[in-house]
There are 2 protein chains.
Amino acid sequence: MTVTETTGTGIRVEATTEARTDSCAGPPRADRRPDGEDLYTISEVAAFTGLTTHTLRWYERIGLMPHVDRSHTGQRRYRNRDLDWLDLVGKLRLTGMPVADMVRYAELVREGDHTYGERFELLKATREDVLARIAELQDTLAVLDRKIDFYADAGRALAWERTR
Amino acid sequence: MTVTETTGTGIRVEATTEARTDSCAGPPRADRRPDGEDLYTISEVAAFTGLTTHTLRWYERIGLMPHVDRSHTGQRRYRNRDLDWLDLVGKLRLTGMPVADMVRYAELVREGDHTYGERFELLKATREDVLARIAELQDTLAVLDRKIDFYADAGRALAWERTR
DNA sequence: TAGAACGTTGGAGTGCACTCCAAGCAAGCG
DNA sequence: CGCTTGCTTGGAGTGCACTCCAACGTTCTA
């Protein structure tokens with residue numbers, strides 16, 4: 001069985017062999033076409049995601065993209081679920097997660113439902129990393145603010161100096 | 001003139017040609033010796049900062065360290081102000097600031113008081129970057145939490161399934 | 001005073017995440 | 001049809017931030 005989330009409305013249980021989806025997307029994005037007529041060329045996807053076509057092909061080569069459909073002539077035709085996946089990858093990339101770890105997650109998704117536990121653990125560990133990063137950045141922000149205040153004061157002192 | 005901050009007590013204006021300090025440190029750290037007897041070997045500094053000795057020498061080569069004192073035989077002898085600087089560099093590194101930009105900041109510090117304005121602007125821009133990074137991470141955290149909730153629910157659904 | 005541990009240098013090497021290239025096939029348009 | 005633009009591939013190249021090396025000098029401990 002596959003458990004599939006339907007956006008914001010809880011979960012739905014259905015019988016299918018489709019183990020490819022990550023089963024959990026966000027709200028639909030504005031620039032997309034509705035499911036069913038969602039076939040995007042690689043350059044469209046590049047425009048949506050901000051990645052280059054090079055990077056999109058590279059992601060596929062290293063196993064970070066879960067097999068993209070092809071046209072009858074072999075060109076890539078991305079679908080909405082691929083954009084969802086790339087959104088997630090983009091988010092994870094922002095956390096500083098190494099590509100190898102994202103590939104690991106992609107493998108777990110490909111392997112099917114029995115990896116739910118491992119995915120769960122991986123996400124929880126990532127969550128902790130993100131919290132730690134945020135804390136670090138807030139620490140840095142405090143240092144920065146202290147220095148900024150200092151230079152603002154110094155600027156005023158120098159301006160005062162010039163009036164003498 | 002040089003404006004020097006004395007920790008937490010506002011600013012002090014003094015006549016000196018010393019333009020080397022960044023003029024703005026935080027509270028003293030625990031593992032340090034008091035000023036005056038603050039001479040650390042490169043490996044001590046490596047232990048304090050978590051950087052390798054390789055990296056410390058490399059920072060110096062590329063102009064990211066503002067000239068470290070040497071013993072009579074030419075070995076590096078770091079001082080508290082160097083540790084302060086490395087603390088700041090460590091913080092800026094966490095923000096994802098490229099080393100080249102940090103070198104630029106180091107150059108401004110070396111160039112003296114007339115770069116205060118530019119330093120101020122650089123720090124403010126960095127501050128904005130950090131705020132943006134924090135916002136991104138909080139966004140990512142929301143996505144992560146949504147997925148974690150999903151997998152937690154899915155785990156419960158599968159457990160329920162197994163009881164049938 | 002021996003030996004281990006630590007320090008010095010310039011230059012070369014590493015790992016990551018892209019980024020580009022060449023040569024060729026595919027698609028849309030006047 | 002010809003032209004331009006876009007897509008395909010494997011493999012090579014790039015930029016960043018270290019990371020290591022060899023060959024040697026210094027400092028510390030027994």
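Below, chain A is the first sequence line, B the second, and so on; all start at residue 1.
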Indicate the atoms forming the closest heavy-atom contact of [X] with [Y], along with that distance.
X        : Y       : result
A:Val68  : A:Arg77 : CG1-O, 3.7 Å
B:Arg32  : B:Leu83 : NH2-CB, 3.2 Å
B:Ala106 : B:Leu64 : CB-O, 4.2 Å
B:Leu39  : B:Arg33 : O-NH2, 2.8 Å

Separation of atom [atom1] in [X] from atom [atom2] in [N], rounded to whole Å:
X       : N      : atom1 : atom2 : answer
A:Arg57 : D:dG6  : CZ    : C1'   : 9 Å
A:Met97 : C:dC18 : CE    : P     : 14 Å
A:Glu60 : D:dC7  : CD    : P     : 14 Å
A:Leu86 : C:dC18 : CG    : P     : 12 Å
B:Ile62 : D:dA17 : CD1   : C1'   : 8 Å
B:Glu44 : D:dT27 : CD    : P     : 14 Å
A:Tyr40 : D:dC7  : OH    : P     : 15 Å
B:His54 : D:dA17 : NE2   : C1'   : 14 Å

Going hydrophobic residue to hydrophobic residue with side-chain gaps under 4.5 angstrom, can you get from A:Leu94 over to A:Leu141?
-> no
How is A:Arg70 classified with respect to the nucleic acid when contacts are heavy atoms under 4.0 Å: base, sugar-phosphate, or nothing?
-> sugar-phosphate
OP1 or OP2 of [N] sitting under 4.0 Å from any side-chain N/O of [X]?
X       : N      : answer
B:Arg93 : D:dC16 : no
B:Thr52 : D:dC18 : no
B:Tyr59 : D:dC18 : yes

Paired with B:Thr115, the side chain to side chain contact (heavy atoms under 4.5 Å, CB included) test is passed by just one of B:Leu108, B:Leu122, B:Val109, namely B:Leu108
Name the closest nucleotide to the [X] side chain, picking from [options].
X       : options               : value
B:Thr73 : C:dA17, D:dT26, D:dT9 : D:dT26
B:Trp58 : D:dC7, C:dC18, D:dA17 : D:dA17
B:Ile42 : D:dT9, C:dT8, D:dT27  : C:dT8
A:Arg76 : D:dT8, D:dC18, C:dG7  : D:dT8
A:Ser43 : D:dT9, C:dG7, D:dG6   : D:dG6
B:Pro98 : D:dA17, C:dT9, C:dA17 : D:dA17

Whichever of B:His72 and B:Gly96 has the more 5' nearest nucleotide on DNA chain D, that residue is B:Gly96
Looking at side-chain heavy atoms only, is the closest gap between B:Gln75 and B:Thr41 below 4.5 Å?
-> no
Look at the side chain of B:Arg61 and the base of C:dG11, then say whether one donor and one acceptor between them are separated by less than 3.5 Å.
-> yes
Where each residue is assigned the nucleotide of DNA chain C containing its nearest heavy atom, which of B:Thr53 and A:Thr55 is assigned the position nearer the 5′ end?
-> B:Thr53
Output a table of nitrogen or oxygen pairs between the protein and nucleotides 23-25 of chain D separated by less than 3.5 Å.
none

Is it true that the side chains of A:Tyr40 and A:Asn80 contain a donor and an acceptor less than 3.5 Å apart?
-> yes
